[in-house]
Amino acid sequence: LGSLKGSFPNKIKKRTIILTVLSVFWIGGIIFRLIQLQVFDHIRYKKYVDNQNQAIADVIPKRGTIYDRTGSILARSIPKQSLFLQNYHNDPLSTQMGKIYKIKNILGLSSIRVSDIKKKIEEKDSFIWIKRKIDPEEVEKVHNLDLNGIYSEEENSRYYPNGSLASHLIGRVNLDDAGASGIEYKYNHVLEGQKGKRLNLRDAKRRQYRFEIIQAPIPGKDIVLTIDETIQFIAEEELEKAVRTLKADWGSVIISLPENGEILAMAHSPSFDLNSPPNDISVTDRIGAVHFLFDPGSTFKLITAAAALELNKVTLSDTFDCSQGYIQLPGKRITDHKTFQILTFPEVIIHSSNVGAVLIGQKIEEQGMYDTIQAFGLGRQTGIDLPGEENGIFHPLNEWSSRSLPSLSIGYEISVTSIQMLQVINIIANKGVAVSPRIVKKIMDPSEEDKLPVPVYQRVISEQTALILMEFMKETVNKGTGQNAQVEGYTVAGKTGTAQKLDPKTGQYTSNLHISSFAGCIITDKPVLSMFVVIDSPKGYYYGSDVAAPVFREITARALLYLGSTPAAKPQNKIMTADIRRDGEE
């Protein structure tokens with residue numbers, strides 16, 4: 001018993017020591033943890049708590065409005081509601097999806113979209129878009145169901161009052177209101193404005209109950225295009241009619257003011273509705289006038305003639321024997337659309353003789369032709385303020401073959417865009433001076449004006465050469481291949497073009513596929529309008545004189561009526577003295 005009495009206090013003492021040590025470690029651990037949380041990890045955990053209770057989100061500013069040159073609205077932003085699901089973590093998947101299934105038919109949600117929402121719920125996303133920028137009627141129907149956790153939020157939505165008018169040119173925006181093509185993309189930096197910041201406050205269940213604007217958004221700037229809404233409509237209507245009637249693959253029309261390079265219309269067919277664009281970006285995001293390449297054919301003979309005049313290789317009285325109807329080259333025969341006899345230099349251009357043009361090209365020689373083509377800017381971008389402009393295809397001189405010079409003389413072995421061929425006409429109309437084309441006339445903010453491209457003026461050919469070429473073009477319309485472009489009471493100058501296309505199967509030119517074009521301008525006391533028309537793969541008729549020239553005529557007649565231009569009492573008499581026979585086909 002004595003020994004037991006002695007050992008009992010010892011055990012108590014030992015246990016006391018152990019408990020004391022453990023308590024010290026326990027309290028020390030708590031103190032250490034508190035120091036760690038309050039001092040070392042304070043910033044990290046504060047941020048974690050803040051993220052649970054609040055979140056900073058972007059506030060998208062109202063996008064700038066796009067106007068035509070007369071002040072008509074082409075694109076604007078309007079408020080619309082977007083529906084979202086507040087995904088509470090304690091709600092089972094079946095509950096959340098039950099809400100989605102209830103509104104699926106109201107909103108027209110696809111099965112793919114429903115699957116995407118389900119995936120986001122499973123991934124515990126707290127904020128899930130259901131459908132954005134929808135009609136008020138749909139929002140009201142959903143709200144009437146009084147579904148917990150489904151809310152709406154106001155966003156800006158792009159609206160295009162004219163639907164498909166100038167669709168490729170104006171372009172589209174994505175769901176976040178950022179420019180995705182056309183003017184909307186090219187001038188996104190001006191139109192988009194500056195994003196603001198919003199603080200979203202949430203309760204313990206991460207439900208948003210209030211928000212504060214901590215940085216106000218700055219609205220985008222408005223811009224004014226050089227486009228005229230009415231002329232654009234006329235061009236699109238006549239072009240669409242021609243493409244449909246001829247069952248062509250596509251067509252393009254560009255109209256400009258030659259003196260300053262401003263584009264009045266840029267039409268492409270087929271078009272699409274900007275308010276409900278198709279998903280295929282190859283349809284929506286390509287501007288035909290600056291993107292699609294083709295062989296120019298006989299419209300290119302204006303450059304052949306310019307080279308001959310500039311280099312003093314040919315005079316107006318020179319003649320060319322075209323009586324065979326063809327010219328034989330190594331491995332290639334170039335033919336005329338009809339057999340001519342002896343043609344003067346002007347007649348070769350006016351009646352669009354391939355044989356005559358090749359004979360003229362031989363006088364020019366390779367270096368002269370190459371330099372002239374480069375001077376006209378072919379093979380490189382015009383610099384128009386639109387996205388996706390192609391350079392075209394023009395091979396360096398050291399890559400030319402023995403057939404390159406004759407092929408180029410008649411508009412083959414080179415690929416161009418419509419805007420490049422319009423530039424050729426404008427250079428001639430401006431008495432030899434090139435003016436860089438432009439599509440935006442003004443930014444409605446003085447501080448932004450320096451973001452517009454500055455027009456560049458550059459002499460390409462002499463004034464005398466340009467005046468002679470203009471007379472060639474007048475006579476082409478008066479008595480040559482361009483007679484279908486005549487507009488009663490006005491002087492029209494132009495040049496037709498018909499080019500065979502490459503067969504995609506054989507890689508060879510085929511007589512079954514053609515590019516038909518017409519390049520021209522209307523002249524009063526000075527050139528007032530210039531235009532380039534191109535129709536790809538028309539069925540049946542395919543000569544530029546039969547296909548593209550009538551489109552030019554119809555558009556021009558209506559545009560001049562709209563502009564209030566009065567026809568002359570008598571059409572301007574021709575200046576050229578060469579004996580021109582009245583003959584038509586190209």
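Atoms considered below: every heavy atom in the structure, side chains included; atoms not considered: hydrogens, waters and symmetry mates.
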Revision key, fill the gap. Checking R158, R132, K133 against D176 for salt bridge (Lys or Arg N to Asp or Glu O under 4.0 Å), the one that qualifies is R132
Any side-chain heavy-atom pair from [X] and [Y] closer than 4.5 angstrom?
{"X": "P258", "Y": "I425", "answer": "no"}
{"X": "N426", "Y": "C521", "answer": "no"}
{"X": "I384", "Y": "M266", "answer": "yes"}
{"X": "L169", "Y": "H268", "answer": "no"}
{"X": "I461", "Y": "F376", "answer": "yes"}
{"X": "R553", "Y": "F518", "answer": "no"}
{"X": "F532", "Y": "Q420", "answer": "no"}
{"X": "F552", "Y": "V492", "answer": "yes"}

Exercise for review: Flag the pair R63 and E192 as a salt bridge only when some basic side-chain nitrogen lies within less than 4.0 angstrom of an acidic carboxylate oxygen.
Suggested key: no
Practice item. Output yes when K241 and E238 qualify as a salt bridge under the 4.0 Å nitrogen-oxygen rule, no when they do not. Key: yes
Looking only at heavy atoms, what is the nearest atom pair of [X] and [Y], with distance?
{"X": "F84", "Y": "I130", "answer": "C-CD1, 3.8 Å"}
{"X": "A75", "Y": "T65", "answer": "O-CG2, 3.2 Å"}
{"X": "A375", "Y": "V460", "answer": "O-CG1, 3.4 Å"}
{"X": "I255", "Y": "A235", "answer": "CD1-CB, 4.1 Å"}
{"X": "K221", "Y": "L191", "answer": "O-CD2, 3.4 Å"}

Any donor and acceptor pair, going by atom type alone, linking the side chain of [X] with main-chain N or O of [Y] inside 3.5 Å?
{"X": "K104", "Y": "V114", "value": "no"}
{"X": "Q381", "Y": "E389", "value": "yes"}
{"X": "K501", "Y": "I515", "value": "no"}
{"X": "S181", "Y": "R172", "value": "yes"}
{"X": "D295", "Y": "Y412", "value": "no"}
{"X": "Q81", "Y": "P136", "value": "no"}
{"X": "D68", "Y": "T70", "value": "yes"}
{"X": "N188", "Y": "A178", "value": "no"}
{"X": "E390", "Y": "F292", "value": "no"}
{"X": "S164", "Y": "S167", "value": "no"}

Practice item. Start with the C-alpha gap between K62 and D177, add the side-chain angles, then the distance that decides, and say whether salt bridge (Lys or Arg N to Asp or Glu O under 4.0 Å) holds. Key: CA-CA 9 Å; K62 185 177 181 181; D177 246 19; over 6 Å; no
Nearest-0.5 Å distance, [atom1] of residue [X] to [atom2] of residue [Y]:
{"X": "S530", "Y": "L257", "atom1": "OG", "atom2": "CG", "result": "7.5 Å"}
{"X": "Y151", "Y": "L85", "atom1": "OH", "atom2": "CG", "result": "9.5 Å"}
{"X": "L378", "Y": "T372", "atom1": "CG", "atom2": "OG1", "result": "10.5 Å"}
{"X": "L83", "Y": "I134", "atom1": "CG", "atom2": "CD1", "result": "4.0 Å"}
{"X": "L302", "Y": "M421", "atom1": "CG", "atom2": "CE", "result": "7.0 Å"}
{"X": "T417", "Y": "L293", "atom1": "OG1", "atom2": "CG", "result": "7.0 Å"}

Step through the shown structure and confirm whether more than 12 heavy atoms of other residues, nucleotides or ligands are within 6.0 Å of [atom1] on [X].
{"X": "I112", "atom1": "CD1", "value": "no"}
{"X": "E122", "atom1": "CD", "value": "yes"}
{"X": "K120", "atom1": "NZ", "value": "no"}
{"X": "R76", "atom1": "CZ", "value": "no"}
{"X": "I281", "atom1": "CD1", "value": "no"}
{"X": "K539", "atom1": "NZ", "value": "yes"}
{"X": "Q374", "atom1": "CD", "value": "yes"}
{"X": "K80", "atom1": "NZ", "value": "yes"}

Exercise for review: Evaluate side-chain contact (heavy atoms from CB on, under 4.5 Å) for I227 paired with L264, printing each intermediate quantity in order.
Suggested key: CA-CA 4 Å; I227 295 297; L264 296 179; 5.9 Å; no
Practice item. Quick one: sort the H189 and Y187 rings into parallel, tilted or perpendicular, breaks at 30° and 60°. Key: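 Judged by the thresholds at 30° and 60°, the geometry between H189 and Y187 is parallel.
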Practice item. State whether a side-chain donor-acceptor pair under 3.5 Å links E229 with S72. Key: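 Per modelled atom types, E229 and S72 side chains form a pair under 3.5 Å.
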Exercise for review: Apply side-chain contact (heavy atoms from CB on, under 4.5 Å) to H514 and list each qualifying residue two or more places apart in sequence or on a separate chain.
Suggested key: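 For H514, the residues satisfying side-chain contact (heavy atoms from CB on, under 4.5 Å) (neighbours in sequence not counted) are T498, Q500, Y542.
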Point to revise | Results of side-chain contact (heavy atoms from CB on, under 4.5 Å) for K195 - residues two or more places apart only | key: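 Residues passing side-chain contact (heavy atoms from CB on, under 4.5 Å) with K195: D58, I60, P61.
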**Study point:** H168: which of W250, F272, Y185 passes ring pair (Phe, Tyr, Trp, His ring centres under 6.0 Å)
**Key:**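 Single pass found, and it is F272.
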Practice item. Determine, stepwise, if the pair Y370 / F394 fulfils ring pair (Phe, Tyr, Trp, His ring centres under 6.0 Å). Key: CA-CA 9 Å; Y370 178 82; F394 177 46; 5.3 Å; yes
Please say which of [options] ends up in a side chain to side chain contact (heavy atoms under 4.5 Å, CB included) with [X].
{"X": "L386", "options": "I263, I439, I419", "result": "I439"}
{"X": "P387", "options": "V290, I287, I183", "result": "I287"}
{"X": "D536", "options": "V243, L246, L513, D249", "result": "D249"}

Point to revise | Trace of the side-chain hydrogen bond (donor to acceptor under 3.5 Å, both in side chains) decision for Y457 with N430 | key: CA-CA 10 Å; Y457 295 80; N430 285 327; over 6 Å; no
